[in-house]
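Worksheet: one structure, shown below.
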Amino acid sequence: MKRLLEFLESRASVTSLWRAFADEAVPVRGAWLYTLGSAALVALLVQFASGFALALAYAPTPDHAWESVRAIQTRLPAGALVRGLHHWGASAMVLFVALHMARTFFFGAYRRPRELNWLVGLALLLLVLGFGFTGYLLPWDQKAYWATVVGTKVPAALPVVGAAASRLMAGGPVVGAATLTRFYALHVVLLPLLTFAFVGVHLLLMRKHAHAGPTDGPDPREPFFPYQAARDGAVGLTLVLALFWLAARHPAPLERLADPTDTSYVPRPEWYFLPLFQLLKFFKGPLEPVGTAVLPGVSILLLALVPWLDRGASRRPRDRRLVLAAGGAGAALLLGLLYFGNLDSPKGSSSGLDPASQPPPDARLLGGLASYERRGCASCHGMDGRPAPAPSPGAGAAAGGAALLPLAARSHTLTGDAATLHVKEKSVKAPAEDEDGENPNKDIPSLLAYVEALGKDGARFSALPQPIRAGGAVIDREDCRQCHQLYGEGGRRGPVLAHLLGKRDKDWLVAHFKEPKKLVEGSKMPSFKFLSDAELSAMSDYLLAMP
Amino acid sequence: MATRRTFTLAALGTAVAAASSVSGAVVAFVLGPLRRRAPQEHVLLDAGPAAAFEALRAGAAAPEEILVERTVEDGYMTRRVKERFAIVHDGRAASGLAALVTTCSHLGCGVSWDAGRKAFLCPCHGGVYGPDGAVVAGPPPRSLTRLPLVVTGGRVQIDTSALDA
């Protein structure tokens with residue numbers, strides 16, 4: 001060990017470097033406030049690591065971006081966790097960079113000779129916001145698409161350069177394939193490189209000039225290691241744990257696949273762009289550039305000039321009243337805009353997977369759900385096998401004469417034939433015999449599979465979008481599995497039904513159901529013209545939602 | 001005579017020249033999207049049979065929104081996309097009709113016809129356009145883009161040559 005260290009010291013000065021690093025004299029007073037910067041650094045490392053992982057499975061094309069993100073979110077091992085870390089890590093970055101900056105501002109630590117490092121820090125803040133803006137588009141869901149449509153149109157109102165700026169951002173006249181590759185390249189190549197370089201310069205300059213320390217009074221110092229290192233470590237660890245908790249409890253959202261023909265979607269920016277978004281509401285018409293460019297530009301310029309605007313000898317707050325008041329007013333304005341922007345924004349599911357973007361459950365389970373409803377099972381067992389709580393004691397008994405029996409969250413005592421018999425006997429409405437004399441109870445296997453699924457993972461199916469539910473049920477009822485594999489199960493006379501999104505669209509599918517031979521020469525698939533248009537359309541929705 | 005100074009200047013100049021030619025190529029590439037494609041000659045999109053728009057031509061029906069498939073250059077690929085147009089009455093046009101692009105001129109959200117308010121509404125920042133696509137209220141700086149329609153052989157066709165120049 002000793003020999004190894006000696007070797008590393010003689011060849012790479014490792015020990016001396018470590019000493020220089022560990023023995024830096026850091027202020028004792030206000031030490032916890034100095035952890036904000038290292039927390040931002042921790043968040044940045046989380047972003048690098050999780051971002052690398054995401055890039056392994058992400059495809060930056062309009063045809064595949066959403067699918068690949070959905071696969072990350074729902075199928076790949078630890079995918080939801082990694083994406084959750086990246087999603088929440090982004091907010092943590094903005095938060096800690098902003099707090100760190102506020103701390104530096106309050107301490108007046110940007111004063112001579114640290115002006116340059118203040119500028120580097122400001123550049124880092126802008127880089128972080130750039131990451132946020134470019135990263136928002138990548139999932140290519142409704143939110144991503146429409147927020148970027150608005151975001152790239154914002155500069156268009158600027159005089160002279162507006163149209164060109166907007167076109168350059170989008171990579172063309174409209175948001176599309178070229179926008180996605182541009183944003184991706186910025187997000188994973190240019191911005192990380194710049195960030196890396198700026199963070200390096202930031203740390204070097206910080207070491208060169210040392211900490212500015214408290215604004216007045218005594219300034220005792222202690223070595224960085226182990227005291228400040230322990231504080232930084234504690235804050236960093238707490239942050240990482242919080243990110244894990246958030247990623248596990250509040251998964252990163254994924255909405256429906258972007259639909260450029262949707263005329264009702266109201267995009268909602270990420271919280272750190274809300275103040276800007278809110279400004280748009282105050283500056284309308286020809287004044288718009290004031291809100292989109294002049295105000296933000298002037299604020300950034302003022303921030304950049306702070307070290308030269310505030311140059312007295314004392315850093316004591318009471319000698320810097322004007323500067324601190326201006327900074328406080330700016331922060332209050334920002335928070336106010338954030339607050340009102342948040343009030344004004346449409347309330348939607350801001351976290352979690354939009355049910356419409358989840359891979360639909362197996363068609364068999366949806367067929368089971370349909371017959372669960374048709375046979376009136378819910379009257380005793382409740383929706384999704386969860387009886388509603390009785391409104392008053394005894395009401396449950398009064399309603400059906402029997403206690404309500406939950407099916408979810410317990411293992412079933414009835415199996416096999418006994419279960420089939422129970423269903424036949426207890427059905428509130430026995431299904432009518434089919435006109436072509438088909439077995440009226442052929443739905444029972446699906447029904448039992450559905451009940452089984454309810455007991456197993458307490459799944460909730462009734463919250464699924466209606467077309468997905470109906471479509472899955474029809475696919476099950478019409479027994480497409482005779483010929484097609486769905487989720488790895490079924491016959492092989494027809495192609496596997498998977499990955500249809502991007503290959504077929506809804507019109508094609510519906511036309512194909514009606515007249516397969518018209519679209520595929522010599523097709524052996526029977527026509528399903530006898531189904532209603534609503535059923536055909538629902539089946540297509542189901543198939544297009546399949547992974 | 002070669003001195004240290006001339007060497008330094010020459011070396012610096014060469015490095016700057018090399019770096020700027022590489023950057024020049026990169027910048028030219030990045031600025032690529034600024035170049036507009038030559039406008040296409042009369043690309044006609046079928047919007048349906050003329051009979052379907054009779055009432056609208058006479059000015060006796062509300063604007064009608066339709067989805068039309070169109071081939072667009074989308075970055076590095078050419079593909080078929082669905083696009084939404086609103087067919088409206090236009091007394092001055094020979095066809096009696098015009099097509100409006102349902103993209104808000106403010107920040108690009110999609111507008112749709114509200115039968116109750118008899119106006120096109122933008123869901124994002126409250127832009128309101130009249131049945132002819134002119135701004136009635138809200139932040140939009142311009143009216144909705146209007147495309148001419150031609151009726152040939154009993155079909156209504158949208159002339160998209162003015163689109164995405």
Side-chain angles (χ1 to χ4, degrees), chain A residues 60-63 145-157 161-182 185-186 190 259-268 277 280-288 291-292 344 346 502 505-507, chain B residues 26-27 29-37 39 65-70 72-86 100-114 120-127 129 135 137-142 144-145 162-165:
Chain A
T61 86
D63 286 345
Y145 177 83
W146 289 105
T148 305
V149 165
V150 171
T152 52
K153 272 278 164 61
V154 163
V161 291
S166 160
R167 228 183 138 94
L168 273 182
M169 271 165 94
V174 292
V175 171
T179 322
L180 198 49
T181 44
R182 280 187 164 231
L186 289 175
L190 189 64
D259 177 5
T261 62
D262 188 338
T263 51
S264 61
Y265 193 84
V266 186
R268 178 197 156 86
F277 191 69
L280 275 182
K281 297 194 181 148
F282 299 124
F283 296 97
K284 291 183 176 155
L287 282 183
E288 205 172 283
T292 57
D344 280 7
D505 66 8
K506 192 159 165 173
D507 295 345
Chain B
V26 172
V27 167
F29 188 81
V30 169
L31 296 183
L34 286 183
R35 218 166 77 202
R36 280 145 207 270
R37 267 172 295 121
E65 284 167 272
I66 55 167
L67 276 179
V68 184
E69 267 204 12
R70 189 162 88 90
V72 294
E73 304 269 331
D74 184 8
Y76 47 86
M77 55 188 176
T78 302
R79 59 178 185 164
R80 302 282 290 169
V81 296
K82 289 224 177 77
E83 239 157 70
R84 187 180 288 274
F85 295 97
L100 299 179
V101 178
T102 57
T103 301
C104 186
S105 65
H106 178 220
L107 292 174
C109 297
V111 301
S112 52
W113 176 253
D114 184 298
F120 290 98
L121 305 183
C122 175
C124 289
H125 304 93
Y129 301 85
V135 183
R142 267 168 288 112
L144 295 172
T145 304
L163 270 187
D164 61 48

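Quick note on labels: first sequence line is chain A, next is B, and so on, each numbered from 1.
With a 4.5 angstrom heavy-atom cutoff, B:Arg35 touches chain A only via backbone atoms. Looking at A:Phe283, neither its backbone nor its side chain comes within 4.5 Å of chain B, counting heavy atoms on both sides. For A:Asp505, the part lying under 4.5 angstrom from a heavy atom of chain B is the side chain only. Contacts of A:Ala164 with chain B are made by both backbone and side-chain atoms, with heavy-atom separations under 4.5 Å. If you measure heavy-atom distances from B:Leu67 to chain A, the contacts under 4.5 Å come from the side chain alone.
Looking at A:Thr152, its side chain never comes within 3.5 Å of a backbone N or O of A:Ala170 through a donor-acceptor pair. Judged by distance alone, with hydrogens and angles left aside, the side-chain atoms of A:Ser166 form no donor-acceptor pair with the main-chain N or O of A:Gly162 at under 3.5 Å. At distances below 3.5 Å, at least one donor-acceptor pair connects side-chain atoms of B:Glu65 with backbone N or O atoms of B:Trp113.
Each of A:Ala178, A:Pro260, A:Ala185, A:Ala157 has some count of heavy-atom pairs under 4.5 Å with chain B, and the biggest count is that of A:Ala178.
Residues meeting the side chain to side chain contact (heavy atoms under 4.5 Å, CB included) test with A:Arg182, sequence neighbours left out: A:Leu168, B:Val30, B:Pro33. Legend: residues meeting disulfide (SG to SG under 2.5 Å) with B:Cys109, ordered by chain and number and at least two apart, are B:Cys124.
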